[in-house]
Q: 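Before anything else, here's the structure in question.
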Amino acid sequence: MLDPRRFRQDPEAIAEALKLRGFELDLATYHDLEDARHKLQTDVETLQHERNVKSKHIGVAKQRGEDIEPLVAEVGDLGARLDELSGEFHRVQEELHDFLLHIPNLPDASVPPGESEEENEELRVWGDRPVFDFEPRDHVEIAGTSLDFEASVRISGSRFSVLKGELAKLHRCLIQFMLDVHIAEHGYEELYVPFIVNRETMTATGQLPKFEDDMFFVRGEIDRFLIPTAEVPITNMVRDQILDASELPIRYVSHTPCFRRESGSHGKDTRGLIRVHQFEKVELVQITHPDASWEALEALTNHAETILRRLDLPYRAVVLCGGDLGFAAAKTIDLEVWLPGFNRYREVSSCSNFVDFQARRAQARFRPNPTARTEFVHTLNGSGLAIGRTLLAILENNQQEDGTVRLPEALVPYMGVEVLRF
RNA sequence: GGAGAGGUGGCCGAGUGGUUGAAGGCGCUCCCCUGCUAAGGGAGUAUGGGCAGAAACCCAUCGAGGGUUCGAAUCCCUCCCUCUCCGCCA
């Protein structure tokens, strides 16, 4: 959520800034709501004050043993008027709050203009794309029967996967490898978290209220959702907390499954492991001091890149343009791995700084020093990395003519072999 | 799933209808005292909002939401959560 004060001060400037991401702010509605809110709040608080004062008089009079009837009569229909006005006030306040919850974060000044991923800006390219003296296959062909979509369709439907044997093991080893690096070398603390979360949690990180249709809903006594990313439970570790400045930065890493409806992507990426309803991810989250978040974004991105480099996977880093930026992000750097089977780069990690946008929704604060007022922390996250896509990148980049796959050195100790045969 | 007990500030904890945003303690901040250490004395110390900030003033908040009342931390209802015992279970 954006700062309501900043909003009040200069809504036009906010509208202008949001244009970069292609968001048209409804200023007329905003002004109507804000004006109504202001008037109602003043009126309601005046009436409440009046009621409080009179009630106190009654209390004092009663204690003295005086007749309180005239005083009670004096209060008259104050309660009724107050009920009516405060009802209206709360309706407007809620409407305004809901309006603000649907507004995306402001793009950082360094975010390039643009409408779609076509206009993302390439930051750097790493590694040599493999050259094959045969026609490279895609991961579905390479994995053969180890990737059993016939089974996953029977079990669940389209956009799920069943991995078998060595392929399933490689999947597990990738998770282990990534966790090991981030914990031992990058200073992250590992978390095990719930995969089913409540509405408040989903609202704090920005998935709700706007993107409810993209989420898997779990029916029950209270509304719950399957997490679309570990960012959701991890960032909510600090929801409603007042941290001590000395606790920052907090670095968490967690491996979780991620569940996505992919509702708007019918017919897109239907082959293989690229876009599925359930996939695994090792996620990095940082909670930082507001002054430290941009530096932290660089560090976090580098932590994710380290995994790609250790796995000898050619990749590039791109800055997302305004139009491609996610709802809650102020700036995002995507890491895209080269996929020979598709002859293109595909996203394996998305590293974002949300500045205080999520923190404000989550009421995640810290105290700069023992006597100071609280301030919102900054939150960041990035995949380190998406497991399924990394897995297929390894298959496709390291395939050999005979259909075997040579493992990157970093994985050999985990797998116990150097070459996989499917 | 059954029975019971609870949810109050950073923490512990008092408070069953009236100047209670909340006693007391711990912790923390500042000051004083003390030749180190230990200890002592004083003052301060919730969050958000009205309102960019400061002061003053005002409003809201005692798990959440409703209700009763002139007035609710306190009474009533619904929900959520925690703990104890029993049952069940990996």
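So that the names make sense, note that chain A is the first sequence line, chain B the second, and so on, each numbered from 1. Computed from a predicted structure; not experimentally measured.
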Q: Ignoring backbone atoms, test whether A/Thr42 places a side-chain nitrogen or oxygen under 4.0 Å from the OP1 or OP2 oxygen of B/G49.
A: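 Answer is no, no contact under 4.0 Å.
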Q: Provide the distance between the two C1' atoms, one in B/G17 and one in B/C89, to the nearest whole Å.
A: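 Those two atoms are separated by 47 Å.
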Q: Salt bridge check, A/Glu150 against A/Arg154: does any charged N sit closer than 4.0 Å to a carboxylate O?
A: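 Salt bridge: yes.
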Q: Kindly say whether the aromatic ring centers of A/Phe357 and A/Phe327 come within a distance under 6.0 Å.
A: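 When the ring centroids of A/Phe357 and A/Phe327 are compared, they turn out to be within the sub-6.0 Å range.
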Q: Take atom CZ of A/Arg37 and atom C1' of B/C59, then tell me their distance rounded to the nearest Å.
A: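 Result: 12 Å.
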Q: Does A/Arg310 pair with A/Glu185 as a salt bridge, N-O distance under 4.0 Å?
A: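 Salt bridge present between A/Arg310 and A/Glu185.
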Q: Give the rounded distance in Å between these two atoms: CG of A/Leu96 and P of B/G48.
A: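 It works out to 19 Å between those atoms.
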Q: Take atom P in B/A23 and the same atom in B/C62, then report the distance between them in whole Å.
A: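 These two P atoms come out 16 Å apart once rounded.
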Q: Under a 3.5 Å distance rule, please check whether A/Asp108 uses its side chain to pair with a backbone N or O of A/Val111 as donor and acceptor.
A: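 Side chain of A/Asp108 to backbone of A/Val111, a donor-acceptor pair under 3.5 Å: no, none is there.
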Q: Is the phosphate of B/C59, meaning OP1 or OP2, less than 4.0 Å from a side-chain N or O of A/His49?
A: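 For B/C59, OP1 or OP2 has a side-chain N or O of A/His49 closer than 4.0 Å.
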Q: Between C1' on B/C58 and CZ on A/Phe89, what's the gap in Å once rounded to a whole number?
A: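 Rounded to the whole Å, the gap is 13 Å.
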Q: If the C1' atom of B/G6 is compared with that of B/C33, how far apart are they to the nearest Å?
A: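 The answer is 45 Å between these two C1' atoms.
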Q: If the threshold is 4.0 Å, N to carboxylate O, is there a salt bridge linking A/Glu305 and A/Arg124?
A: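 A salt bridge is present here (some side-chain N lies under 4.0 Å from a carboxylate O).
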Q: Return the value, rounded to whole Å, for the distance between atom CD of A/Glu45 and atom P of B/U61.
A: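 The answer, rounded to whole Å, is 11 Å.
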Q: Expressed as a whole number of Å, how far does the C1' atom of B/U68 sit from that of B/C76?
A: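 Roughly 7 Å separates the two C1' atoms.
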Q: Just by modelled atom types, is the A/Gly384 backbone N or O under 3.5 Å from a matching donor or acceptor in the A/His182 side chain?
A: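 It does hold such a pair.
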Q: Please identify which of these residues, A/Arg275, A/Arg159, A/Lys268, meets the side chain to side chain donor-acceptor pair (under 3.5 Å) condition with A/Glu262.
A: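 The single option meeting the side chain to side chain donor-acceptor pair (under 3.5 Å) with A/Glu262 is A/Arg275.
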Q: Would you kindly give the CD1-to-P distance between A/Ile242 and B/C11, to the nearest whole Å?
A: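 Taking atom P of B/C11 as the reference, CD1 of A/Ile242 is at 9 Å.
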Q: With a 4.0 Å cutoff (strictly under), does any side-chain N or O of A/Arg64 reach OP1 or OP2 of B/U19?
A: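 Answer no for this pair, as no side-chain N or O of A/Arg64 is under 4.0 Å from OP1 or OP2.
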Q: Tell me whether the rings of A/His186 and A/His303 are parallel (<30°), tilted (30 to 60°) or perpendicular (>60°).
A: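 Parallel: the ring planes of A/His186 and A/His303 meet at under 30°.
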Q: Within the 4.0 Å heavy-atom criterion, would you say A/Thr46 contacts the bases, only the backbone, or no part of the nucleic acid?
A: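 Nothing, no nucleic acid heavy atom in range.
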Q: How many whole angstroms separate atom CG of A/Leu100 from atom C1' of B/G48?
A: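 After rounding, the reported distance stands at 16 Å.
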Q: Any side-chain N or O of A/Arg367 below 4.0 angstrom from OP1/OP2 of B/C28?
A: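 No, no such contact exists.
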Q: Please determine whether a side-chain nitrogen of the Lys or Arg among A/Glu247 and A/Arg367 lies less than 4.0 Å from a carboxylate oxygen of the Asp or Glu.
A: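 Salt bridge between A/Glu247 and A/Arg367, a charged N being under 4.0 Å from a carboxylate O: no.
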Q: When all nucleic acid strands are considered with a 4.0 Å heavy-atom cut-off, which category describes A/Arg6: base, sugar-phosphate, or nothing?
A: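 Touches nothing.
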Q: Going 5' to 3' along nucleotides 64-80 of chain B, which nucleotides have protein heavy atoms under 4.0 Å from the base (write B), which only from the sugar-phosphate (write S), and which from neither (write -)?
A: ------BS--------S
Q: When rounded to the nearest Å, what value does the distance between C1' atoms of B/G65 and B/A60 take?
A: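 So the two C1' atoms sit 16 Å from each other.
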Q: Are any of the side-chain nitrogens in A/Arg91 or A/Glu94 under 4.0 Å away from the carboxylate oxygens of its partner?
A: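 No.
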Q: What stems involve RNA chain B, if each pair must be Watson-Crick or G-U and both of its distances must be under 3.5 Å, with 3 or more such pairs in a row?
A: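 In RNA chain B, stems of three or more pairs: B:1-7 with B:80-86, B:10-12 with B:24-26, B:27-32 with B:40-45, B:46-50 with B:57-61, B:63-67 with B:75-79.
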Q: With the threshold set at 4.0 Å, does a side-chain nitrogen-carboxylate oxygen contact exist between A/Arg81 and A/Glu84?
A: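 Not counted as a salt bridge, because no side-chain N and carboxylate O are separated by less than 4.0 Å.
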Q: Please give, in whole Å, the distance from B/A52 P to A/Phe7 CZ?
A: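 Rounded to whole Å, this separation is 14 Å.
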Q: Of A/Glu375 and A/Gln63, whose closest RNA chain B nucleotide lies nearer the 5' terminus?
A: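 Looking at RNA chain B, the more 5' nearest nucleotide goes with A/Gln63.
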Q: Counting side-chain heavy atoms from CB outward, which of B/G50, B/G48, B/G53 is closest to A/Arg5?
A: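 Among B/G50, B/G48, B/G53, the one nearest the side chain of A/Arg5 is B/G53.
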Q: Mind checking the P distance from B/C75 to B/U8? Whole angstroms is fine.
A: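 Each nucleotide's P atom is 16 Å from the other's.
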Q: Determine the Euclidean distance between corresponding C1' atoms of B/C58 and B/G67; express it in Å to zero decimal places.
A: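 These two C1' atoms come out 27 Å apart once rounded.
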Q: Using the P atom as the reference point in each nucleotide, state the distance between B/A14 and B/G4 in Å, no decimals.
A: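 One P to the other, the span is 23 Å.
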Q: Is there a side-chain polar atom (N or O) of A/Asn52 under 4.0 Å from OP1 or OP2 of B/C59?
A: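 Indeed, a polar side-chain atom of A/Asn52 lies that close.
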Q: Separation of A/Asp240 atom CG from B/C62 atom C1', in whole Å?
A: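 Answer to the nearest Å: 16 Å.
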